[in-house]
Structures are given as structure tokens and as C-alpha cells.
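Below is one structure, written out as C-alpha cells; the observations come after it.
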Amino acid sequence: MIIAIDGPAGSGKTTVSRLLAKQLGISYLDTGALYRVLTLKALEENINLNDGETLQKLASTMNVKIEGERIYLDDREVTVEIRTPLIDKNISQVASHPQVREVMVNLQRKITYCKDYVVEGRDITTVVFPHADYKFYLDADFNERLQRRYKELKEKGLSVSWEHLEEQLRKRDEADFTRKVAPLRKAEDAIYIDTTNLTLSEVVNKLLSYIKKKTIFR
Ligand code: DC
């Protein structure tokens with residue numbers, strides 16, 4: 001079973017997906033983390049981020065390991081490193097290359113093959129798993145998403161100005177929504193959930209109610 005979840009930065013996808021998977025007793029894949037690891041590796045190796053072919057090679061040879069919430073690159077833990085503003089700033093450029101996306105889509109299908117997974121990202125309901133058992137699109141007002149991202153970084157002890165973060169979120173939204181290949185959009189048959197005024201458990205319960213309903217009537 002695949003539960004596919006898409007939505008913009010700060011919509012709560014990651015936390016919700018993690019909790020949902022836990023409640024259902026199945027695995028969870030944060031596909032953004034894979035793009036983040038690739039961006040980190042590309043920056044560390046001083047690769048030109050406009051060079052899709054070199055990035056594609058890097059993506060197909062990179063050694064990523066996911067253990068629960070921990071992410072490893074070449075056996076080094078990079079869980080916190082991949083969520084810094086430096087990665088946020090450069091990731092859209094890396095994710096824009098069709099060659100890179102092709103490798104990533106195959107990787108995501110390989111990781112989840114024949115298993116039960118909650119998978120979240122930007123193109124999961126539209127490109128990676130258009131025939132997923134369940135498809136959701138999580139959204140929230142821009143200001144709410146900004147606030148969540150600010151809080152998340154503060155809690156990690158990373159210093160960042162509100163204005164800078166606002167500018168970065170706007171830029172990332174624009175890149176996610178207008179990308180030529182696999183832009184973020186709600187799949188026609190995905191269930192839309194506005195999380196602006198909902199608590200985390202309210203969102204998870206909402207998703208669970210749809211999942212239970214469909215399972216009962218199958
Ligand atoms: O979910 P996130 O904020 O960690 O994702 C970071 C970036 O990675 C996002 O702005 C675009 C890219 N991404 C993507 O292009 N496709 C995905 N399935 C997941 C993430």
C-alpha cells in the first residue's frame with residue numbers, strides 16, 4: 001500500500017507523514033531528504049549546480065541510508081546538516097534538472113517496491129505514484145508556513161532572520177510551483193487538506209478517517 005502526500009514547504013507534510021506512518025505501523029519516506037542529501041553532496045564537491053549531467057551521475061552513485069528519522073551520506077549522519085538555510089537556498093536548482101529527477105523517481109520506487117509506505121514530497125501523487133492507494137495534498141497559508149519553518153529552525157538552534165526566511169520561502173515556492181519538470185500541483189484525485197488552523201493530531205486524524213473510510217468500503 002502506498003499513501004502519497006504532496007504539498008508546499010511548511011505545509012506540515014513531513015511531521016504528519018511520519019506520525020501517520022507510525023500510527024499505521026508502516027514505513028515512511030521523506031523524498032525531500034533525498035534531494036537535500038544530493039544538494040549537500042554537490043555543494044561539498046563544488047559541482048556546478050547548473051550541470052544536470054554531472055548531478056545525475058552524482059545522484060545515481062550517492063550512498064544514502066535512511067534509518068528512521070536519521071539520514072546518512074557515505075555513512076556520515078547528515079540529518080541536521082541537510083535542513084540548513086544553505087541547502088534550502090540551493091535545492092531548487094538541483095531539483096530542477098530532469099535527469100536528476102529521473103534518478104530520484106527510480107530510487108523512490110526502488111526503496112518502496114512491494115512494501116507499505118507513506119511517501120511525501122512534491123511530485124509523489126502526480127509523477128512517482130499517480131496510482132497510489134491514497135493521495136493527499138496538504139496546504140497552509142503562506143504566513144503559517146513561514147512561522148512553522150522559523151520555529152523549526154529556532155528549535156534546532158539555527159539562527160536565521162525572519163526577512164531572510166520569508167524571501168527564501170517565496171523563492172522556493174516559486175521554484176516548486178513553476179518548475180518545468182514535475183511542478184508541484186494538486187493531482188485531480190488527491191484529497192485537499194488545509195492545515196492552517198489544524199493541530200498536528202487533527203490533520204493526522206483527518207487523513208486516518210479517509211483511509212479507514214475507503215478501506216471499509218473497498
Ligand atoms: O520537502 P522539503 O522541503 O524537504 O523539500 C525540499 C525541496 O526538494 C523542495 O523545495 C523541492 C525538492 N523536492 C522535489 O523537487 N521533489 C520531491 N518529491 C521532494 C522534494
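First listed ligand is number 1; within each ligand, the first listed atom is number 1.
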Worksheet item: Where does the angle between the aromatic ring planes of Tyr137 and Tyr192 fall among parallel (under 30°), tilted (30 to 60°) and perpendicular (over 60°)?
Response: parallel

Worksheet item: Would you say the side-chain atoms of Arg148 and Thr195 include a donor-acceptor pair closer than 3.5 Å?
Response: yes

Fill in: Where ligand 1 meets Arg36 - atom numbers and elements under 4.0 angstrom, heavy-atom basis
2 (P), 3 (O), 4 (O), 6 (C)

Worksheet item: Identify the closest protein heavy atom to atom 20 (C) of ligand 1: which residue and atom is it, and at what distance?
Response: Gly32 CA, 3.5 Å

Discussion item. Under a 4.0 angstrom heavy-atom cut-off, which atoms of ligand 1 come close to Arg172?
Written reply: 3 (O), 5 (O), 6 (C), 7 (C), 9 (C), 10 (O)

Fill in: Charged tip of Arg170 within 45° of Phe142 ring normal and under 6.0 Å
yes

Item to complete: Looking only at protein heavy atoms, identify the closest one to atom 19 (C) of ligand 1 and say how far it is in Å.
Response: Thr31 OG1, 3.4 Å

Item to complete: List the closest protein heavy-atom neighbour of atom 12 (C) of ligand 1: residue, atom name, distance to the nearest 0.1 Å.
Response: Ala95 CB, 4.0 Å

Discussion item. Looking at ligand 1, is there an atom of it that comes within less than 4.0 Å of some heavy atom belonging to Gln108?
Written reply: no

Discussion item. Checking side-chain polar atoms at under 3.5 Å, does Tyr28 have a donor or acceptor matched by the opposite partner on Glu69?
Written reply: no

Fill in: Distance from atom 8 (O) of ligand 1 to nearest protein heavy atom, with residue and atom
Ile91 CD1, 3.5 Å

Practice prompt. Pick whichever of Met104, Arg122, Arg83 has a heavy atom sitting closest to atom 5 (O) of ligand 1.
Written response: Arg122

Discussion item. Using a 4.0 Å heavy-atom cut-off, which part of Asp176 comes near ligand 1: side chain, backbone, both, or neither?
Written reply: side chain

Discussion item. I need the atoms of ligand 1 closer than 4.0 Å to a non-hydrogen atom of Arg179, numbered in the order shown.
Written reply: 15 (O)

Discussion item. Distance under 4.0 Å to a non-hydrogen atom of Asp123: what atoms of ligand 1 satisfy this?
Written reply: 16 (N), 17 (C), 18 (N)

Worksheet, complete the sentence: One finds that the ligand 1 atoms under 4.0 Å from a non-hydrogen atom of Lys13 are 1 (O)

